[in-house]
Amino acid sequence: MIHGPLPDRDGPANAAAGTGLAVALDRCLAILNSIIVVFAAIALIAACAILSYSVLSRALFKAANYWQDEAAVFLLVGATFMTAAYVQQNRGHIGIEAFVGLLSPLANKVRLWLVDAATLLFCAFFTWKSWTLAHEAYVDGQVSNSMWSPPLAIPYTLMALGMSLLCVQIIVQLALPLTGAKRP
């Protein structure tokens, strides 16, 4: 495991330097990801507040809570999936870096590119299935099995949007080395 910057990201989440479509997309994704992270943080705080309220109202007032658990889960699902592209942008996903010190810088770049390509294949399949699930939930009017019964299209759409952003982020990361763009 490595605790320093990875070879393709020497600094914080800054957009690549240069010109071209991949660089422009990288800059736009960096801005979009920063905005999404703020909203995800707010969603996490809201989920904490909802769950705290739920525990207190049950313990102190014996109040029935029908909506709190699902609202918190919806917020957590949205925050998790919508920030996946930000995490990928910073190479923050769990990775085994046992070979980094053994390989040359060029071999490490090739290794990262191949890992990104394999990751894209998995994420593209997951994205396709997520959009299928969201579409079915919307068309069929599926709701959760609780008294509150919120539409399941909400978390499924958040999941699909987050995975779509992740795929775009990975595609940009695959394209940047091919365009000769340099990371700051």
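Here the shortest heavy-atom pairing between Gln68 and Ile50 reads O-CG2, 3.4 Å. Heavy atoms only, all atoms of each residue included: Thr179 and Ala22 are closest at CG2-CB, 4.2 Å. The two residues Thr127 and Ala160 come nearest to each other via the heavy atoms CG2-O, 4.3 Å. Pro155 and Val77 make their closest contact through O-CG1, 3.9 Å (heavy atoms, listed as atom of the first residue, atom of the second, distance). For the residue pair Leu158 and Phe81, the shortest heavy atom distance occurs at O-CB, 4.0 Å. Ala134 and Ala153 get closest at one heavy-atom pair: O-CB, 4.3 Å.
Atom CD1 of Ile170 sits about 10.0 Å away from atom CZ of Phe122, to the nearest 0.5 Å. Taken from CD in Gln169 to CG in Leu32, the straight-line distance is 9.5 Å, to the nearest 0.5 Å. Taking CD from Glu136 and OH from Tyr156, the interatomic distance works out to 9.5 Å, rounded to the nearest 0.5 Å. Note that CG of Asp69 and OG of Ser54 are 5.0 Å apart. Values are rounded to the nearest 0.5 Å. With rounding to the nearest 0.5 angstrom, the CD1 atom of Ile154 is 10.5 Å from the CD atom of Glu70.
Both Trp113 and Val110 belong to a common hydrophobic cluster when Ile, Leu, Val, Met, Phe, Trp and Tyr are linked at side-chain heavy-atom distances under 4.5 angstrom. Transitive grouping of hydrophobic side chains (ILVMFWY, heavy atoms separated by less than 4.5 Å) keeps Leu152 and Val139 in distinct clusters. At a threshold of 4.5 Å between side-chain heavy atoms, the hydrophobic network of Ile, Leu, Val, Met, Phe, Trp and Tyr places Leu178 and Ile171 in one connected group. Tracing side-chain contacts under 4.5 Å through hydrophobic residues (I, L, V, M, F, W, Y), one never reaches Leu51 starting from Val73; they form parts of separate clusters. Met82 is not connected to Leu75 by any chain of hydrophobic side-chain contacts under 4.5 Å among Ile, Leu, Val, Met, Phe, Trp and Tyr, and they are in different clusters.
Using a 4.5 Å heavy-atom cutoff, the side chains of Leu133 and Met159 are in contact. Between Leu165 and Leu161 there is no side-chain heavy-atom pair separated by less than 4.5 Å. At least one side-chain heavy atom of Trp128 sits less than 4.5 Å from a side-chain heavy atom of Thr132. Counting heavy atoms from C-beta outward, Leu76 and Leu44 have side chains that approach closer than 4.5 Å. Looking at Trp131 and Met163, their side chains never come closer than 4.5 Å, going by heavy atoms from C-beta outward.
Note on ring orientation: taking the six-membered ring where Trp is involved, the planes of Trp148 and Phe74 are tilted (angle from 30° to 60°).
Between Asp116 and Lys109 there is no salt bridge, since no side-chain nitrogen of the basic residue lies less than 4.0 Å from a carboxylate oxygen of the acidic one.
For the residue pair Gln173 / Gln88, a side-chain donor-acceptor distance below 3.5 Å is found, with atom types taken as modelled. Side chain to side chain, Asp26 and Gln89 fail the donor-acceptor criterion of an N or O pair below 3.5 Å. Checked by atom type, the side-chain pair Trp67/Ser146 shows no donor-acceptor distance below 3.5 Å.
In the displayed structure, Asn145 atom CG is contacted under 6.0 Å by at most 12 heavy atoms of other residues, nucleotides or ligands.
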